[in-house]
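Computed from a prediction, not measured in an experiment: that's the story for all the values here. Chain naming here is simple, since letters A, B, ... match the order of the sequence lines and numbering starts at 1 in each.
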Number of protein chains: 2
Amino acid sequence: MTEPKTPDAGTAAGAAKKHGRDGKSNATIYDIARIAGVNASTVSRALSKPGRVSPKTQKLIEDAAAELNYHVNPFARALPTGKTNTFGLIVADITNPTFFDIIRGAETTATDRDYTLVLAESAESPATELTAARRLMATVDGLILASPRMDDDNIRALARDKPVVVINREVEGVPCVVPDVHKGLSEAVRSLAGNGHHKIAYVAGPPESWMSERRWEGVQAASEWSRLEAVRLESTKPTVDGGRQTARDVRASGATAVLTYNDLLAIGLMQELQAAGISVPDQISIVGFDDIFGADFTTPPLTTVRSPLGECGAGAATRLLDLLHGTGEPAGTLSVETELVLRGSSGRMLSA
Amino acid sequence: MTEPKTPDAGTAAGAAKKHGRDGKSNATIYDIARIAGVNASTVSRALSKPGRVSPKTQKLIEDAAAELNYHVNPFARALPTGKTNTFGLIVADITNPTFFDIIRGAETTATDRDYTLVLAESAESPATELTAARRLMATVDGLILASPRMDDDNIRALARDKPVVVINREVEGVPCVVPDVHKGLSEAVRSLAGNGHHKIAYVAGPPESWMSERRWEGVQAASEWSRLEAVRLESTKPTVDGGRQTARDVRASGATAVLTYNDLLAIGLMQELQAAGISVPDQISIVGFDDIFGADFTTPPLTTVRSPLGECGAGAATRLLDLLHGTGEPAGTLSVETELVLRGSSGRMLSA
DNA sequence: TTGTAGGCGTTATCAG
DNA sequence: CTGATAACGCCTACAA
């Protein structure tokens with residue numbers, strides 16, 4: 001407006017240069033202190049807990065900080081306090097789309113509350129999981145375990161160290177977020193019964209899966225209530241491929257409707273059945289579990305019991321952050337509702 | 001063997017107790033030093049760079065460390081060195097399954113090489129992206145940007161600070177990992193031409209997407225070569241829903257085959273077209289891009305140009321780690337191959 | 001080979 | 001309200 005300025009006047013680089021910083025290393029509270037003419041500890045106070053410093057020095061310091069483009073060094077901060085504003089999420093299998101939504105939910109609420117998410121996976125191995133957990137424990141303020149495969153004792157041991165929240169499984173003494181199968185499952189079974197089915201099959205997931213057992217129990221309970229016969233079938237792995245492989249057993253079982261441990265199994269099963277010329281749902285009804293991404297891509301689109309995975313991720317993160325901030329229950333299970341999503345893969349049998 | 005020991009003798013807790021640690025705070029190199037009867041700096045040496053200490057003291061120290069169940073404090077280590085054994089990955093949209101393979105690839109190679117992956121997303125916003133990047137820069141050794149939306153200059157600025165690798169986009173002076181559209185796209189167009197199509201449409205992605213432009217160029221080039229007419233259509237967002245909304249324009253365009261910026265668009269488009277009673281591929285062929293999870297769930301399964309997303313993630317991570325370790329080129333693009341995955345959604349028109 | 005001493009950037013505890 | 005000063009746990013010259 002008046003006089004020409006040097007090219008970088010007023011910029012952070014300019015300020016840094018002006019104040020003798022080499023621009024490579026970052027500004028520290030000492031640099032700010034020097035410019036603002038106060039002590040470094042005052043700067044620390046002003047920048048961490050606002051209000052404990054006089055308004056004018058506060059402003060002085062903030063200006064200097066802005067000028068230097070100052071950012072706290074998280075490590076230096078973590079050293080005395082132990083806080084990192086970071087939490088870990090360990091999922092059983094990054095490959096499994098079930099976890100996509102969980103990751104998303106957790107990441108979103110993390111950044112919303114100014115936390116950073118660190119991600120790791122266990123590849124379905126209890127040992128790998130424990131290793132990953134131990135590793136993360138050193139760097140994070142808390143940990144979320146999604147469908148953990150390690151045993152309860154290990155989880156409790158971790159939880160003694162730092163806040164831990166478990167998703168998709170109940171562990172005594174540890175805060176958990178678990179979809180309650182009851183509602184969704186009874187809706188599903190009732191729907192099936194209403195469509196004239198008498199015998200249904202449940203295709204189970206991995207034996208280590210806590211949730212698979214809960215779902216089987218739910219199927220049994222609901223079947224009993226609706227006076228249906230329920231049989232249990234095993235699967236090799238909870239994937240599309242695993243689903244394909246169960247087609248044989250499903251047909252042999254004589255069930256006219258099948259519920260699967262998860263959507264992947266359902267999709268594989270449906271593919272295999274259709275390939276064998278069996279019409280879904282005219283000859284057999286299929287109901288999945290979770291409502292993962294892509295469940296509605298199939299023809300017919302998959303009927304499924306939706307687990308609010310995103311909610312679980314977000315809920316667990318919220319729970320953890322509350323724990324970290326002193327609020328929130330130290331333990332207990334947060335139950336989230338499941339619901340039937342009725343699409344095309346289930347319905348009435350076509351009478352031959 | 002000789003005398004009765006206390007119940008927890010030999011355990012970490014026992015050792016900690018025996019040596020006066022309260023079991024809450026973690027053991028430090030000083031604790032080890034005391035037990036091993038050496039100086040803390042010797043412990044530091046023994047534990048970080050093996051070989052710079054005599055075999056016997058080395059063993060002494062290692063035993064003490066094991067006894068105390070010692071783990072380095074990453075922050076304390078990071079403070080003097082600046083190294084965190086951590087790198088960041090920022091994806092444009094956690095919602096988009098395209099990125100899950102990338103995340104998986106990066107996570108896997110990260111843990112393989114004993115690094116930890118920190119995840120963040122930009123929600124397709126250049127500003128959010130930059131904020132996230134800045135935030136991560138403070139805590140990580142390097143950064144991977146998957147389909148970044150911010151401009152080249154910002155990326156280069158970040159890259160001046162710490163190693164940065166870009167996926168799905170080319171930025172001058174920054175190491176990149178980019179799928180080369182050429183091969184896959186020419187295969188696709190040739191296949192279409194071979195099936196008697198004369199006019200094809202390209203449904204573009206977001207204007208900020210560098211990759212969308214490359215794909216359009218690729219479509220044009222391949223079309224020219226095969227003497228096809230190519231028209232470009234815009235989309236609102238690169239999602240299933242966005243795909244549905246383009247159905248109208250696609251029909252109006254008069255094209256008999258359409259390539260889309262990504263699979264999500266293709267799936268949405270196919271759903272909408274089929275809902276309108278148009279048969280795929282009998283009346284119109286659809287080819288997606290990427291081959292995301294679920295692309296083969298549709299009926300007919302989606303023909304698509306596969307981008308090796310997992311490879312990109314892994315490649316970028318490897319590249320980054322090499323950079324971090326002094327090996328590897330400082331810049332230049334690593335090109336990975338695309339290929340046509342011929343499934344059911346493309347083919348010959350059914351002559352009316 | 002090993003010990004000594006200083007520093008990395010913040011926070012916290014005291015005085016003043 | 002603000003200024004010294006001592007941790008926090010580890011690394012790294014430098015010296016012995």
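Atom-to-atom, CZ of A:Arg52 to C1' of C:dC14 comes out at 14 Å; the value is rounded to the nearest Å. In this entry the distance linking NZ of A:Lys83 with P of C:dG9 reads 22 Å, nearest Å. As a whole-Å value, the separation of A:Leu68 CG from C:dG9 C1' is 15 Å. D:dG9 atom P lies 7 Å from atom CG of B:Asn73, rounded to whole Å. D:dG9 atom P lies 9 Å from atom CG of B:Asn26, rounded to whole Å. A straight line from CG of A:Leu79 to P of C:dG9 spans 12 Å, rounded to a whole angstrom. For the pair A:Leu60 CG and D:dT2 P, the interatomic distance rounds to 10 Å; values are reported in whole Å. The nearest whole Å value for the distance from the NE2 atom in B:His71 to the C1' atom in D:dC10 is 16 Å.
Taking only side-chain nitrogens and oxygens, A:Thr28 never comes nearer than 4.0 Å to OP1 or OP2 of C:dC8. Contact annotation: B:Asn39 reaches the phosphate of C:dT4 (side-chain N/O to OP1 or OP2, under 4.0 Å). Residue A:Thr42 places none of its side-chain N or O atoms closer than 4.0 Å to OP1 or OP2 of D:dC1.
For residues 70-82 of chain B, no pair satisfies side chain to side chain donor-acceptor pair (under 3.5 Å), with sequence neighbours left out.
Of the candidate nucleotides C:dT1, D:dG3, C:dG9, D:dG3 has the atom lying nearest to any side-chain atom of A:Val38.
Remark on the helix from C:dT1-D:dA16 to C:dG16-D:dC1: inter-end axis angle 40°, axes from five-pair C1' superpositions, rounded to 10°.
A:Arg135 meets the salt bridge (Lys or Arg N to Asp or Glu O under 4.0 Å) test with no other residue; sequence neighbours excluded. Checked against salt bridge (Lys or Arg N to Asp or Glu O under 4.0 Å), B:Arg134 has no partners two or more places apart in sequence or in another chain. A:Ala146 is linked by a side chain to side chain contact (heavy atoms under 4.5 Å, CB included) to A:Leu89, A:Val91, A:Phe99, A:Ile102, A:Ile167, counting only residues two or more places apart in sequence or in another chain. Every residue two or more places apart in sequence or in another chain that forms a salt bridge (Lys or Arg N to Asp or Glu O under 4.0 Å) with A:Glu124 is listed here: A:Arg149. Qualifying salt bridge (Lys or Arg N to Asp or Glu O under 4.0 Å) partners for A:Asp93, counting only residues two or more places apart in sequence or in other chains: none. Taking the side chain to side chain contact (heavy atoms under 4.5 Å, CB included) definition, one finds that A:Val53 meets it with A:Thr42, A:Ala46, A:Thr57, A:Gln58, sequence neighbours left out.
Using the six-membered ring where Trp is involved, B:Phe100 and A:Phe100 have ring planes that are parallel, under 30° apart on the 30 and 60° scheme.
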Could you run down nucleotides 11-16 of chain D 5' to 3' and tag each one B, S or - for protein heavy-atom contact under 4.0 Å?
-> BBB---

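Taking a 6.0 Å sphere around NZ of B:Lys59, one finds it holds 12 or fewer heavy atoms contributed by other residues, nucleotides or ligands.
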